[in-house]
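Step one of this worksheet: look at the structure below.
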Amino acid sequence: MSDQQKKNAGEAAAAHVEAGMVVGLGTGSTAAWFVKALAARNLPDLRCVPTSERTADLARELGLTLSTLEDTPRIDLTVDGADEIGPGLALIKGGGAALLREKLVWEASSRCICIADAAKVVPVLGTFPLPIEVVAFGHKTTANRIADVLADHDIPMPARVRQADRGLIRTDGGNLIYDAACKVINDPARLAADLKSLTGVVEHGLFLDLTDLAIIGTDAGFETIN
Ligand code: 5RP
């Protein structure tokens, strides 16, 4: 993981923003570099839709004008990080537990740019545990259903609920996160559909067919994948 690479990617993405745009702001350390670079450009008439309370706080601090999906339902460009970038720009996201708001914002966007350090690019998705957002009510029952789906995808390990010292992690929406150590996801589209079909699963971290461009930070600058 390289902070310089994340910074280079964030700064390169900020160059894609034009005055007057509605911009989706991602969540995480790479997205934070983008938010800082965007604020530094001081473009007129920007409205920014943050994907988490964390990002909202940072953007507010830096003087960016915030909006919501309700007030600006069409977003011109969203820039966000990823935990893994696989073939076809299929992503795993949600390491920062913001996947639901992220996906809502990405799906409302005309264009999405994924920014990351070089270590995030992988030949096959699944080494990074796949985050699955689950309603707290009855979550252990939902976890059993998730385990059945995972087993059907040759993933023997059940997903584990995400916790910190202070207890279970809650998302901005008050839900829980289960992380599935898939190791290899052979059919991301089928897994995405099967997880989404479960009552109690709110969203999963597979972002498929949503990325228009990936900007990968290098030590000296950046490379692009599209
Ligand atoms: C948050 C995310 C982040 O974009 C992802 O976890 C990457 O984070 P970072 O840029 O800190 O490596 O999906 O839910």
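First listed ligand is number 1; within each ligand, the first listed atom is number 1. Remember, predicted model here, so these are calculated numbers, not experimental data.
At least one heavy atom of Ala82 sits under 4.0 Å from some atom of ligand 1.
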Requested in this report: Start with the C-alpha distance between Asp179 and Arg162, add both sets of side-chain angles, then the distance that settles salt bridge (charged side-chain N to carboxylate O under 4.0 Å, His left out), and finish with yes or no.
Outcome: CA-CA 7 Å; Asp179 292 304; Arg162 197 181 294 182; 2.8 Å; yes
Requested in this report: Check step by step if salt bridge (charged side-chain N to carboxylate O under 4.0 Å, His left out) holds for Asp57 and Arg60.
Outcome: CA-CA 5 Å; Asp57 289 346; Arg60 212 177 281 117; 3.1 Å; yes
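The side-chain hydrogen bond (donor to acceptor under 3.5 Å, both in side chains) test with Gln5 singles out one residue from Thr218, Asp219, Asp117, and that residue is Asp219. Leu99 pairs with exactly one of Leu206, Asp83, Ile177 by the side chain to side chain contact (heavy atoms under 4.5 Å, CB included) rule, that one being Ile177.
Counting atoms of ligand 1 from 1 in the listed order, those under 4.0 Å from a heavy atom of Thr27 are 1 (C), 2 (C), 3 (C), 4 (O). Listed by number with element, the atoms of ligand 1 under 4.0 Å from a non-hydrogen atom of Asp80 are 4 (O). Within the listing of ligand 1, atoms 5 (C), 6 (O), 7 (C), 13 (O) sit less than 4.0 angstrom from a heavy atom of Asp83. For ligand 1 and Gly81, the ligand atoms under 4.0 Å from any heavy atom of the residue are 4 (O). Atom numbering of ligand 1 starts at 1 in the shown order; those under 4.0 Å from a heavy atom of Gly94 are 2 (C), 13 (O), 14 (O). Each of the atoms 6 (O), 13 (O), 14 (O) of ligand 1 lies under 4.0 Å from some heavy atom of Gly95.
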Could you pull out every donor-acceptor pair under 3.5 Å between side chains of residues 88-97 and any protein atom, sequence neighbours left out?
from  : atom 1 : to     : atom 2 : distance (Å)
Lys93 : NZ     : Asp80  : OD1    : 3.3
Lys93 : NZ     : Asp80  : OD2    : 3.0
Lys93 : NZ     : Gly81  : O      : 2.8
Lys93 : NZ     : Glu102 : OE1    : 3.1
Lys93 : NZ     : Glu102 : OE2    : 3.4

For residues 182-193, dump all side-chain donor-acceptor pairs below 3.5 Å to protein atoms at least two apart in sequence or in another chain.
from   : atom 1 : to     : atom 2 : distance (Å)
Asp187 : OD1    : Arg190 : N      : 3.2

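Where the criterion is an N or O separation shorter than 3.5 Å, residue side chain and backbone included, Ala31 fails it with respect to ligand 1. On a distance-only criterion, Ala98 and ligand 1 share at least one N/O pair closer than 3.5 Å. Residue Lys6 has at least one N or O atom closer than 3.5 Å to an N or O atom of ligand 1.
Judged by the 6.0 Å distance and 45° axis criteria, Lys103 is not positioned over the aromatic ring of Trp106.
For the residues Thr30, Thr55, Asp3, the heavy atom positioned nearest atom 10 (O) of ligand 1 is part of Thr30. Across the listed options Ser29, Ser52, Gly28, Pro131, Ser29 owns the non-hydrogen atom lying nearest to atom 11 (O) of ligand 1.
Minimum heavy-atom separation, Pro50 to Ser67: CD-O, 3.5 Å. Taking all atoms of both residues into account, the shortest heavy-atom contact from Glu203 to Leu100 is CB-CD1, 4.0 Å.
Contacts between Ala97 and ligand 1, counted as non-hydrogen atom pairs separated by less than 4.0 Å, involve the backbone only.
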